[in-house]
Protein chains: 2
Amino acid sequence: MSPADTRERLLDAAQRLFVQNGVRATSLRSITTEADANLASVNYYFGSKEIMVQAVFSRWLEPLNKDRLKWLDRVEEEAGDGPLEVEAVLGAFLGPTFHMMRDERARDFPCLFGRLHAESDELTAAIFEQFHDVQVRFIQAFLRALPHLNLPELAWRMHFLIGAMAYTFGAADILKFISKGQCTLSDLEGALKRLIAFSAAGLKAPVPNQGDTTQ
Amino acid sequence: MSPADTRERLLDAAQRLFVQNGVRATSLRSITTEADANLASVNYYFGSKEIMVQAVFSRWLEPLNKDRLKWLDRVEEEAGDGPLEVEAVLGAFLGPTFHMMRDERARDFPCLFGRLHAESDELTAAIFEQFHDVQVRFIQAFLRALPHLNLPELAWRMHFLIGAMAYTFGAADILKFISKGQCTLSDLEGALKRLIAFSAAGLKAPVPNQGDTTQ
DNA sequence: GTCTATAGCATGATAGAC
DNA sequence: GTCTATCATGCTATAGAC
């Protein structure tokens with residue numbers, strides 16, 4: 001059932017517990033117990049809790065971001081010299097995360113990542129550095145798809161978009177609460193479609209009048 | 001400078017440290033040191049750390065939610081029997097939070113609350129129960145302002161909206177990162193206007209075709 | 001590679017003097 | 001109300017047997 005390799009079992013167990021209780025609140029003891037491994041194994045395989053936390057995140061974040069870029073490559077290729085569709089760029093940005101939830105072992109990673117934002121640390125800062133390439137490429141793509149936005153306006157709207165995404169995964173229980181149990185994340189296609197529809201409309205909205213757009 | 005009352009000083013210090021380091025990671029020792037009070041004072045005034053955490057949140061959340069309802073009363077009154085404007089309902093929902101940031105003592109509460117979502121607990125569940133009235137009233141108002149949405153579709157969109165809001169306050173450093181330092185939360189009016197424009201467009205967007213809308 | 005045992009430290013809570 | 005001192009517990013990390 002679970003992989004034989006202790007190192008992988010530790011990562012799986014840590015990920016599961018991080019989702020449930022947060023990174024800080026999860027002890028090495030609970031991880032090694034859950035992984036059916038020895039307390040000392042974490043330090044044997046990783047050297048410290050912090051390095052292990054990094055490993056938990058990098059394990060899925062790296063392929064996830066590669067997926068996003070590959071997907072964006074395809075979208076840009078198909079568009080050629082023509083206009084770039086916002087919905088397509090959004091699909092490249094959001095799709096891989098939703099797709100990830102079809103893989104049983106990666107399933108709870110989007111939830112974990114959604115929750116990470118609140119536990120910001122020196123630790124978190126290191127993780128967000130992995131987004132540099134994705135950030136640069138998607139800013140370019142969005143600017144091309146949304147010629148009515150300048151960089152600061154786009155930055156605000158990407159921020160709202162990322163918030164909506166992070167919250168969708170990290171706070172699914174609140175969705176259930178709002179909808180009186182009628183909405184859950186289990187319909188992944190529907191959720192993705194809804195998030196794209198919502199944020200495409202938000203991104204396309206005209207910029208409201210104001211004085212200074214740089215703050 | 002700081003209020004003379006120890007109890008208040010403890011709440012202020014706790015709030016400040018919770019924003020910086022998270023609730024779980026903040027020790028009673030650091031709180032009492034920051035508040036210039038004795039280690040035993042937390043247990044003297046509150047009985048336990050958990051009760052104090054509740055107090056930190058209730059202190060601002062209660063007036064905040066009352067503000068939202070009063071603001072919504074006014075919006076509904078002005079609309080009379082006519083149509084209800086989405087932007088006005090959004091103003092009632094979001095405005096009080098932004099307004100709160102003008103009060104020096106409450107300033108970092110929206111950030112704290114934005115970050116809370118990721119530290120969900122039995123503790124958090126109790127806090128979210130304070131939203132019952134606000135939730136009921138705003139769902140009604142949004143349904144009236146957005147007749148093309150049914151409850152499940154609205155619930156999804158409110159979820160996206162709350163995510164964007166929580167992230168705006170809780171992850172302002174990421175906004176700075178995306179915009180290469182050009183965007184900050186310091187222009188509150190601008191931020192509120194942008195968030196309303198973005199989410200009004202998202203809420204108004206037509207519902208994309210799909211089979212089942214209940215999941 | 002896996003285990004036990006434990007060092008060294010920080011935590012929340014409390015008892016009791018003032 | 002405020003303080004010191006301390007308890008019991010839990011934590012990360014490591015040393016060293018097997």
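This one's a predicted model, so the numbers in the text were calculated from it and none came from an experiment. A note on names: the letters A, B, ... follow the listed sequences, proteins ahead of strands, and every chain is numbered from 1. Hydrogens, waters and symmetry mates play no part in the numbers below; they use all other heavy atoms, side chains included.
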Could you tell me whether B:Asp12 and B:Arg105 have a side-chain N and a carboxylate O separated by less than 4.0 Å? yes
So, A:Arg137 and A:Glu76, do they make that salt bridge, N to O below 4.0 Å? yes
Candidate pair B:Asp108 and B:Phe18, rule side-chain contact (heavy atoms from CB on, under 4.5 Å), full reasoning: CA-CA 10 Å; B:Asp108 46 8; B:Phe18 287 171; over 6 Å; no
Tell me which residues in residues 28-39 of chain A lie within less than 4.0 Å of DNA chain D, going by non-hydrogen atoms. A:Leu28, A:Arg29, A:Leu39
Footprint ends on DNA chain D, 5' to 3', for atoms under 4.0 angstrom from a heavy atom of chain A, come out as D:dC11 to D:dT14
How far apart are the closest heavy atoms of [X] and [Y], and which atoms are they?
| X | Y | value |
| --- | --- | --- |
| B:Phe113 | B:Phe128 | CZ-CE2, 3.9 Å |
| B:Ala141 | B:Leu72 | CB-CD1, 3.9 Å |
| B:Leu112 | B:Gln15 | CD2-CG, 4.1 Å |
| B:Pro96 | B:Asp67 | CB-CB, 3.9 Å |

Quiz item: cation-pi between B:Arg68 and B:Trp71, 6.0 Å / 45°: no
Atom OH of B:Tyr45 to atom C1' of C:dA13: distance rounded to whole Å? 18 Å
Of A:Ser41 and B:Thr26, whose closest DNA chain C nucleotide lies nearer the 5' terminus? A:Ser41
Contacts of A:Ala25 and A:Ala40 projected onto DNA chain D by closest heavy atom; the upstream (5') one is A:Ala25
